[in-house]
Protein chains: 2
Amino acid sequence: MNLSPLNERFVLHFGEMGSRWGVNRTVGQIYALLFISPKPLNADDIVEQLGMSRSNVSMGMKELQSWRLVKLVHLPGDRRDYFEAPKDVWDIFRTLAEEKRRREIAPTLTLLRDALLETPANEEERHAQARMREMHELIEMSNSWFDEIHRLSPETLEGLMKLGAKVQKVLGFADKLRGKDE
Amino acid sequence: MNLSPLNERFVLHFGEMGSRWGVNRTVGQIYALLFISPKPLNADDIVEQLGMSRSNVSMGMKELQSWRLVKLVHLPGDRRDYFEAPKDVWDIFRTLAEEKRRREIAPTLTLLRDALLETPANEEERHAQARMREMHELIEMSNSWFDEIHRLSPETLEGLMKLGAKVQKVLGFADKLRGKDE
DNA sequence: TTGTAATTTCAATAATTATTGAAAATTCTA
DNA sequence: TAGAATTTTCAATAATTATTGAAATTACAA
């Protein structure tokens with residue numbers, strides 16, 4: 001691996017964490033490399049810096065693009081594909097949340113919706129359906145909460161988060177609002 | 001599989017989703033079964049209902065306990081271990097968020113903290129460190145936001161979420177607060 | 001077009017992870 | 001404590017996923 005020590009450590013860490021995040025080691029490494037790179041890189045740059053096969057990089061880029069974590073760019077007078085990681089960390093955060101919802105939550109929501117439409121055949125199913133209803137409500141609610149958050153601009157969102165210790169106060173206000181409007 | 005059709009569908013779905021959620025199929029199935037079960041189950045109940053090996057169930061239970069998604073209970077006059085899934089979906093939600101943070105985020109936070117203490121050796125490292133600083137700030141901020149949320153009771157949290165479309169209004173208030181207090 | 005550069009696909013295989021039955025260990029009871 | 005019930009561990013193997021080099025495809029330039 002052709003990187004200065006600090007950067008290598010970062011890249012290797014992302015490789016190791018990859019499996020916990022649901023991507024393989026090479027995908028984690030490629031993303032880490034692009035994240036800290038000051039300029040877009042082409043596939044051969046990545047092959048050289050990380051010492052993996054060209055085909056592995058090709059597959060890794062496809063995966064990262066499917067997560068919308070990298071974007072394809074072109075340099076004038078160079079026909080090769082270059083890749084870069086979006087810069088704004090808040091935007092990355094939102095993109096990730098969206099993709100995770102789509103892949104990890106949406107299919108279950110669909111299943112729950114279908115299951116709740118059915119007429120339970122016996123007591124066993126009646127009870128199970130009641131539990132599914134609770135799960136369904138939680139997911140629906142988290143989703144609409146997330147939708148709201150998602151509409152905010154990065155700056156606003158950052159402001160809201162920085163609020164930190166004041167959530168309790170906001171909540172007090174929220175309670176009043178709720179009382180008034182519902 | 002020894003389950004009525006609706007319940008079987010739910011259990012199989014959780015098995016399939018398991019791989020996206022970072023657990024194996026059997027762990028997903030076991031959790032689903034416990035989630036909809038009206039009463040605690042012992043290992044042999046699970047073996048019988050899901051048709052997997054006894055040792056698989058034993059390992060699965062260990063995994064689920066490490067996630068704090070099931071708890072061990074005992075029935076009077078029966079020495080076997082029984083397991084049940086906690087009932088309150090909000091509580092499950094928080095537990096999961098906590099465990100995910102511990103496993104998927106905390107190690108990276110540690111790495112970033114360490115990396116930011118080092119003196120960059122060259123321009124390459126200086127730029128990388130600046131990017132790491134952005135990531136570090138985002139994570140720290142999300143963490144303290146989550147800590148705040150975490151202190152709320154399930155009822156309060158549910159109330160806050162139900163607020164839904166009113167987040168914008170809350171945010172307006174939050175902005176005022178921020179102006180006043182900082 | 002034709003040839004070349006660049007990228008993707010694919011089938012082989014390497015590596016990892018899941019599952020199992022049998023054996024070992026543990027826990028209780030008589 | 002001895003024996004039975006219960007749970008866990010472990011090593012074998014089944015299944016899945018990752019990685020690669022080579023071949024095929026695509027995109028461009030002369």
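Sequence lines set the chain letters: A, B, ... in the order given, protein chains first and strands last, and positions in each chain run from 1.
Atoms CG (B:Asp78) and C1' (D:dA4) sit 15 Å apart, rounded to a whole Å. Atom pair A:Asp81:CG and D:dC28:P shows a separation of 9 Å (rounding to whole Å applied). When rounded to the nearest whole Å, the span between CG of A:Leu41 and P of C:dA6 equals 16 Å. Atom pair A:Gln65:CD and C:dT7:P shows a separation of 11 Å (rounding to whole Å applied). Residue A:Met52 contributes atom CE, which lies 16 Å from atom P of C:dT8 at whole-angstrom precision. Atoms CZ (A:Arg20) and P (C:dT16) sit 16 Å apart, rounded to a whole Å. Look at CD on B:Glu63: it is 11 Å from P on C:dT19, rounded to the nearest Å. Straight-line distance from the CH2 atom of B:Trp21 to the P atom of C:dA18: 16 Å, rounded to whole Å.
The hydrophobic clustering, which links ILVMFWY residues whose side-chain heavy atoms are closer than 4.5 Å, places B:Val47 and B:Val11 together.
The shortest distance between the side-chain N/O atoms of B:Lys62 and the OP1/OP2 oxygens of D:dT9 is below 4.0 Å.
The side-chain hydrogen bond (donor to acceptor under 3.5 Å, both in side chains) test applied to B:Glu63 returns B:Trp67, not counting sequence neighbours.
Each of A:Ser19 and A:Ser58 was matched to the nucleotide of DNA chain C holding its nearest heavy atom; the match closer to the 5' end belongs to A:Ser58.
The main-chain N or O of A:Ala121 is found under 3.5 Å from a side-chain atom of A:Glu125 such that the two form a donor-acceptor pair.
Annotation for A:Arg103 and A:Ser66: closest pair NH2-O, 2.8 Å, computed over non-hydrogen atoms.
The existence of a salt bridge linking A:Arg113 and A:Glu140 is confirmed by a sub-4.0 Å separation between a basic side-chain nitrogen and an acidic carboxylate oxygen.
Taking the centre and axis of the six-membered ring of A:Phe146, the NZ or CZ atom of A:Arg101 falls outside the cone set by 45° and 6.0 Å.
Within the 4.5 Å cutoff, no side-chain heavy atoms of A:Glu84 are placed close to those of A:Leu41.
Among the heavy atoms of the strands, none lies under 4.0 Å from B:Asp44.
Note on ring orientation: taking the six-membered ring where Trp is involved, the planes of A:Phe93 and A:Trp90 are perpendicular (angle over 60°, cut-offs 30° and 60°).
Taking a 6.0 Å sphere around NZ of B:Lys39, one finds it holds 12 or fewer heavy atoms contributed by other residues, nucleotides or ligands.
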Give each protein N/O atom lying under 3.5 Å from an N/O atom of nucleotides 21-27 of chain C, with the pair distance.
{"residue": "C:dG21", "atom": "N7", "partner": "B:Ser55", "partner atom": "OG", "Å": "3.3"}
{"residue": "C:dG21", "atom": "O6", "partner": "B:Ser55", "partner atom": "OG", "Å": "2.9"}
{"residue": "C:dT27", "atom": "O2", "partner": "B:Arg79", "partner atom": "NH2", "Å": "2.7"}

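Within residues 23-35 of chain A, the residues that have a heavy atom under 4.0 Å from DNA chain D are, in order of number, A:Asn24, A:Arg25, A:Thr26.
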